[in-house]
Q: 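Quick one: the structure is below, questions incoming.
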Amino acid sequence: HDFVGVNSRLDEIQAACLRVKLKYLDKWNQNRRDIATLYNKLLKDIPVITPNVKEFAEHVYHLYVIKSAQRDSLQKKLSEKNILPQIHYPIPVHKQKAYQELGCDDKLPVTEQICKEILSLPMHPFLRENDIHTIVEAIKSSL
């Protein structure tokens with residue numbers, strides 16, 4: 001990012017679409033939580049780190065992000081199997097041009113390491129159970 005973002009208001013068309021979707025939000029968020037629960041269960045014995053949610057919190061899983069020391073290899077192998085994991089945040093915020101004036105360029109080694117290991121698995125409220133099993137089986141065979 002070259003510039004710090006701004007708060008932008010929705011136009012009328014976006015607001016109208018979101019107003020219709022709003023009645024489904026709780027159901028879709030629960031679907032995401034259910035999908036994440038299945039991912040967590042199926043990935044339990046695989047050498048990846050899954051999201052950790054505190055007991056007092058409720059996650060909506062906009063993304064389902066795992067951590068793997070073999071992230072790049074895993075992403076490549078999954079992509080070859082038509083599973084398209086994403087690296088949503090490849091560059092940490094403190095390394096972005098927009099935030100260079102903060103002076104943190106080399107002071108966050110843990111953040112930089114994590115950015116090299118995180119991978120977002122497919123996640124949306126309409127993901128089917130057999131899709132999740134397919135994704136996890138592909139991960140197992142790729143590690």
Side-chain angles (χ1 to χ4, degrees), residues 1-100 102 104-105 107-143:
H1 299 283
D2 292 335
F3 306 99
V4 175
V6 296
N7 186 358
S8 180
R9 303 291 180 231
L10 296 175
D11 61 44
E12 290 82 4
I13 293 174
Q14 289 175 324
C17 290
L18 289 175
R19 185 174 182 196
V20 171
K21 289 181 168 186
L22 192 58
K23 64 183 166 188
Y24 303 107
L25 183 61
D26 289 337
K27 181 180 186 305
W28 290 346
N29 285 342
Q30 186 56 53
N31 288 354
R32 287 174 178 274
R33 283 189 285 274
D34 293 343
I35 291 164
T37 298
L38 183 55
Y39 265 137
N40 289 342
K41 176 183 170 189
L42 297 175
L43 291 169
K44 187 176 72 166
D45 297 322
I46 299 175
V48 298
I49 297 174
T50 58
N52 181 16
V53 180
K54 302 293 183 191
E55 287 185 26
F56 59 83
E58 188 172 51
H59 204 306
V60 294
Y61 294 97
H62 165 66
L63 300 174
Y64 185 89
V65 182
I66 62 170
K67 193 170 117 176
S68 171
Q70 301 171 34
R71 189 266 315 265
D72 294 336
S73 170
L74 178 59
Q75 182 188 32
K76 183 177 186 286
K77 289 176 182 175
L78 292 177
S79 296
E80 289 168 356
K81 296 175 183 180
N82 262 349
I83 297 168
L84 304 175
Q86 300 292 313
I87 301 171
H88 280 93
Y89 304 104
I91 302 170
V93 172
H94 72 284
K95 293 280 192 177
Q96 302 282 343
K97 183 178 176 185
Y99 296 99
Q100 289 303 295
L102 296 178
C104 297
D105 196 40
K107 297 178 184 163
L108 300 170
V110 174
T111 299
E112 291 172 27
Q113 184 61 40
I114 289 171
C115 277
K116 294 175 185 173
E117 297 177 346
I118 57 175
L119 187 65
S120 299
L121 298 183
M123 170 55 88
H124 56 80
F126 311 109
L127 202 56
R128 298 179 315 231
E129 186 172 332
N130 63 320
D131 295 330
I132 300 163
H133 282 275
T134 299
I135 293 164
V136 171
E137 285 304 315
I139 292 169
K140 282 182 185 179
S141 68
S142 298
L143 290 175

Q: Go through it in stages, so that I can follow the logic: the residues are I35 and Y61, the test is side-chain contact (heavy atoms from CB on, under 4.5 Å), and I'd like the CA-CA distance, side-chain angles, deciding distance and then a yes or no.
A: CA-CA 9 Å; I35 291 164; Y61 294 97; over 6 Å; no
Q: For the pair E112 and K116, find out whether any cationic side-chain nitrogen is under 4.0 Å from an anionic carboxylate oxygen.
A: no
Q: If I compare all heavy atoms of M123 with all of Y64, which pair ends up nearest, and what's the gap?
A: CE-CB, 3.9 Å
Q: To the closest 0.5 Å, what do you measure between CD1 (I135) and CG (D131)?
A: 6.0 Å
Q: For a side-chain contact (heavy atoms from CB on, under 4.5 Å) check, start with the C-alpha distance between S142 and L78, then their side-chain angles and the critical distance, and finish with the verdict.
A: CA-CA 7 Å; S142 298; L78 292 177; 4.2 Å; yes
Q: Could you go step by step and tell me if S120 and I87 meet the side-chain contact (heavy atoms from CB on, under 4.5 Å) rule?
A: CA-CA 6 Å; S120 299; I87 301 171; over 6 Å; no
Q: With rounding to the nearest 0.5 Å, note down the distance linking OH in Y24 to CG in N31.
A: 13.0 Å
Q: Could you pull out the closest heavy-atom pair between P122 and L127, with the gap in Å?
A: O-CD2, 3.4 Å
Q: Between Y89 and L63, what is the shortest heavy-atom contact and its length?
A: CE1-CD1, 3.9 Å
Q: Rounded to the nearest 0.5 Å, what separates atom CZ in R32 from atom OG1 in T37?
A: 13.5 Å
Q: Could you check whether D26 and Q30, counting side-chain N and O atoms only, form a donor-acceptor pair closer than 3.5 Å?
A: no
Q: What do you reckon, is CG of L143 surrounded by more than 12 foreign heavy atoms closer than 6.0 Å?
A: yes
Q: Could you report the tightest heavy-atom contact between K67 and I114, atom names first, then the distance?
A: NZ-CG1, 4.2 Å
Q: What distance separates I139 CD1 from I83 CD1, expressed to the nearest 0.5 Å?
A: 7.0 Å
Q: State, with a plain yes or no, whether a side-chain heavy atom of I46 is found less than 4.5 Å away from one of I66.
A: no
Q: Between K77 and E80, is a salt bridge (Lys or Arg N to Asp or Glu O under 4.0 Å) present by the stated rule, with each step listed?
A: CA-CA 5 Å; K77 289 176 182 175; E80 289 168 356; over 6 Å; no
Q: Which word best sums up how the rings of F126 and H124 line up, parallel for under 30°, tilted for 30 to 60°, or perpendicular for over 60°?
A: tilted
Q: With a 4.5 Å heavy-atom cut-off, do I49 and S68 have their side chains touching?
A: no
Q: Which heavy atom of K81 sits nearest to which heavy atom of A138, and what is that distance?
A: NZ-O, 3.6 Å
Q: Closest approach of C115 and R71, non-hydrogen atoms and distance?
A: O-NH1, 3.1 Å
Q: Kindly say whether K95 contributes a backbone atom to a donor-acceptor pair with the side chain of Q100 at under 3.5 angstrom?
A: yes
Q: Evaluate side-chain contact (heavy atoms from CB on, under 4.5 Å) for L119 paired with V65, printing each intermediate quantity in order.
A: CA-CA 5 Å; L119 187 65; V65 182; over 6 Å; no
Q: With a 4.5 Å limit on heavy-atom distance, are the side chains of L38 and V136 in contact?
A: no
Q: Roughly how far, to the nearest 0.5 Å, is the NE2 atom of H59 from the CG atom of N52?
A: 9.5 Å
Q: Distance check, rounded to the nearest 0.5 Å: L42 atom CG versus T50 atom OG1?
A: 11.0 Å
Q: Tell me if the CG atom of N82 is crowded by more than 12 foreign heavy atoms within 6.0 Å.
A: no
